[in-house]
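To start, the structure itself, in structure tokens.
In what follows, every heavy atom counts, from backbone to side chain, and hydrogens, waters and symmetry copies are set aside. Note that this is a predicted model, so its numbers are computed, not measured. Below, read A as the first sequence line, B as the second, and so on, with proteins coming before strands; counting in each chain starts at 1.
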Number of protein chains: 4
Amino acid sequence: MQFTNDKAIYLQIVELVEEKILQQEWSLEDRIPSVRELGAAIEVNPNTVMRAYEKLQQEGIIYNKRGIGFFVATQARDSILKTKRRNFLTHEAPLFFKTAKLLSVELETLISLYKQIENHEKN
Amino acid sequence: MQFTNDKAIYLQIVELVEEKILQQEWSLEDRIPSVRELGAAIEVNPNTVMRAYEKLQQEGIIYNKRGIGFFVATQARDSILKTKRRNFLTHEAPLFFKTAKLLSVELETLISLYKQIENHEKN
Amino acid sequence: MQFTNDKAIYLQIVELVEEKILQQEWSLEDRIPSVRELGAAIEVNPNTVMRAYEKLQQEGIIYNKRGIGFFVATQARDSILKTKRRNFLTHEAPLFFKTAKLLSVELETLISLYKQIENHEKN
Amino acid sequence: MQFTNDKAIYLQIVELVEEKILQQEWSLEDRIPSVRELGAAIEVNPNTVMRAYEKLQQEGIIYNKRGIGFFVATQARDSILKTKRRNFLTHEAPLFFKTAKLLSVELETLISLYKQIENHEKN
DNA sequence: GTGGTCTAGACCACC
DNA sequence: GTGGTCTAGACCACA
């Protein structure tokens, strides 16, 4: 697998797993690959995969059965969206609005753009 | 220089030049490196640099004096911002609002966030 | 066997024996290992085991038939629970309530927690 | 330093740091030892110390200044007590009440004991 | 110097 | 087999 240099590998694994779950390649309550399996598959040290799984577990996206493996939590989808939502509000959105300021784009312009998109999707 | 794989190299050179101008490393009316010079510096084929310069010229950011070289246009800064502004409105903003929709972030939430940032910068 | 450093070994042997009896590994009226046997088994000086047996005898948990050995008393289980009960009330509980105070946990919170557990075990 | 075997070393380091802060050996806003320093002092791999610091940071007890080190957060004391409180309510208290049940200690007995201690501390 | 990340390899308890 | 912890040693960006 290919990793970007500007982001920690374990964070990219977190995103990979979230994507698999959102795309329903890995269904709710399914067992996901063991840290060793996934590590071998994407050519990364199992410890690094473990770190990603720890973060995912802590966010309530996967859970662990001792001696068995990690499983996709029932509320995984909600947890992922919740996490992404928080990131969106604290990072993406502020950056977006700062760029808007920098480019002298008025709030009104953005709002009308928003409404255009809203209407576009209704059709 | 390092290039990303997910974008044409000549477009990355365009951005590089724009950045140099915005950061005022290359001042208005200054001569910029020749396609051969820049090509050697960033280890890229002069033809690729030429393609970038053509696009920049077409956007009114640089202009050419035959037999002498390329120069930063007087209105370069405005042109760049104008280009960025268009890109912002046609690509970034729609993507941003689609993400907002996907994450169930309301317009009101975005507006209040915008105003927070506005006030924050005043202090 | 592994012993903790923060408690006298003979007291840890007392607990070991009590545990064996509570778990019914050693049944009521059964003969338990001689001080030499147990001493060898857990790699401890027979004198230390003797000290533990004396304490257990004094608490009415085991009794001695001269020349034969030690036996689990009929009322052993009751005696052990009585001992544990006293320890619980004089040491564990006060410590527990002091910790509760320290952490600003109200009596009401504890009571409702108690009732939760009570109901939980009925199901 | 001495570590118990029945608990992960990094968790024991977490408790060590919390203790230092509660005892005010390390004051609020003070810089605490670097992962390398503490690692050397207690003869533990810096990575293990790092893991402890990560957990402490995540719980809002310490924070990090890039390239400088870790510092005791202003709300450290509150965060520690909050963490301990949660642990008390979800682990210690249930265990305590189960033991009470096992030893046939009535709720009324516990309550009167609680009130005794309450009065005792007032004098 | 600092934290942060990653690897390789080891050992453990649990199932 | 599984996760979980720990070590030793390496490299990086940041200050």
Side-chain angles (χ1 to χ4, degrees), chain A residues 1-17 20 26 29-73 76 87 91, chain B residues 1-2 4, chain C residues 1-2 4, chain D residues 1-17 20 26 29-73 76 87 91:
Chain A
M1 185 175 170
Q2 293 292 26
F3 294 103
T4 319
N5 274 325
D6 61 346
K7 230 181 197 174
I9 292 179
Y10 83 95
L11 290 176
Q12 298 181 55
I13 297 175
V14 165
E15 289 179 355
L16 171 72
V17 173
K20 295 268 188 190
W26 296 347
E29 299 303 329
D30 271 9
R31 182 176 168 278
I32 68 175
S34 74
V35 290
R36 286 173 181 83
E37 282 168 7
L38 186 56
I42 63 182
E43 290 175 340
V44 150
N45 191 292
N47 282 334
T48 305
V49 178
M50 187 60 185
R51 207 160 166 199
Y53 280 16
E54 268 174 9
K55 188 154 200 294
L56 287 162
Q57 187 172 26
Q58 171 194 333
E59 287 171 354
I61 293 163
I62 61 178
Y63 64 92
N64 172 260
K65 287 188 192 169
R66 288 197 198 169
I68 314 263
F70 282 93
F71 294 76
V72 179
N87 178 64
H91 294 98
Chain B
M1 182 176 170
Q2 292 293 26
T4 320
Chain C
M1 183 176 170
Q2 292 291 24
T4 320
Chain D
M1 184 175 171
Q2 292 293 26
F3 293 104
T4 320
N5 273 324
D6 60 345
K7 232 182 197 173
I9 292 180
Y10 85 94
L11 290 177
Q12 298 182 55
I13 297 175
V14 166
E15 289 179 355
L16 170 73
V17 173
K20 297 268 188 191
W26 295 348
E29 299 303 329
D30 271 10
R31 182 176 168 278
I32 67 175
S34 74
V35 290
R36 286 175 181 83
E37 281 168 8
L38 187 56
I42 61 181
E43 291 175 338
V44 148
N45 191 292
N47 282 334
T48 306
V49 178
M50 187 59 187
R51 207 159 166 199
Y53 281 15
E54 267 174 9
K55 189 155 200 293
L56 286 162
Q57 186 172 27
Q58 172 193 335
E59 287 171 354
I61 293 164
I62 61 178
Y63 65 92
N64 173 260
K65 287 187 191 167
R66 287 197 199 171
I68 314 260
F70 282 93
F71 294 76
V72 179
N87 178 63
H91 295 98

Close residues, [range], relative to DNA chain E [heavy-atom separation under 4.0 Å]:
{"range": "residues 7-16 of chain D", "answer": "none"}
{"range": "residues 34-47 of chain A", "answer": "A:V44, A:N45, A:N47"}
{"range": "residues 55-70 of chain A", "answer": "A:R66, A:G67"}

Looking at every heavy atom in both [X] and [Y], which two are closest together, and how far apart are they?
{"X": "D:Y63", "Y": "D:V72", "value": "CE2-O, 3.7 Å"}
{"X": "A:R31", "Y": "A:S34", "value": "NH2-CB, 3.8 Å"}
{"X": "D:K55", "Y": "D:V14", "value": "CB-CG2, 4.2 Å"}
{"X": "A:T48", "Y": "A:Y10", "value": "O-CB, 3.7 Å"}
{"X": "A:A73", "Y": "A:G60", "value": "CB-O, 3.5 Å"}

statement: Taken in chain and number order and not counting sequence neighbours, the residues that satisfy salt bridge (Lys or Arg N to Asp or Glu O under 4.0 Å) with A:E54 are D:R51
- prompt: Within a strict 4.5 Å, meaning less than it, do heavy atoms of the A:L38 and A:I13 side chains meet?
  reply: yes
Spacing of [atom1] belonging to [X] relative to [atom2] belonging to [Y], to within rounding of 0.5 Å:
{"X": "A:N45", "Y": "A:M50", "atom1": "CG", "atom2": "CE", "result": "12.0 Å"}
{"X": "A:I62", "Y": "A:D30", "atom1": "CD1", "atom2": "CG", "result": "13.0 Å"}
{"X": "D:L16", "Y": "D:L56", "atom1": "CG", "atom2": "CG", "result": "9.5 Å"}
{"X": "D:Q2", "Y": "D:I42", "atom1": "CD", "atom2": "CD1", "result": "12.0 Å"}

- prompt: Earliest and latest nucleotide of DNA chain E, 5' to 3', sitting under 4.0 Å from a non-hydrogen atom of chain A?
  reply: E:dT5 to E:dC15
task: In whole angstrom, give the distance that lies between atom CG of A:D6 and atom P of F:dC12.
output: 16 Å
- line: If one requires at least 3 consecutive Watson-Crick or G-U pairs with distances under 3.5 Å, the stems of DNA chain E turn out to be E:1-14 with F:1-14
task: Return the orientation label for the A:Y53 and A:F70 ring planes: parallel under 30°, perpendicular over 60°, tilted otherwise.
output: perpendicular
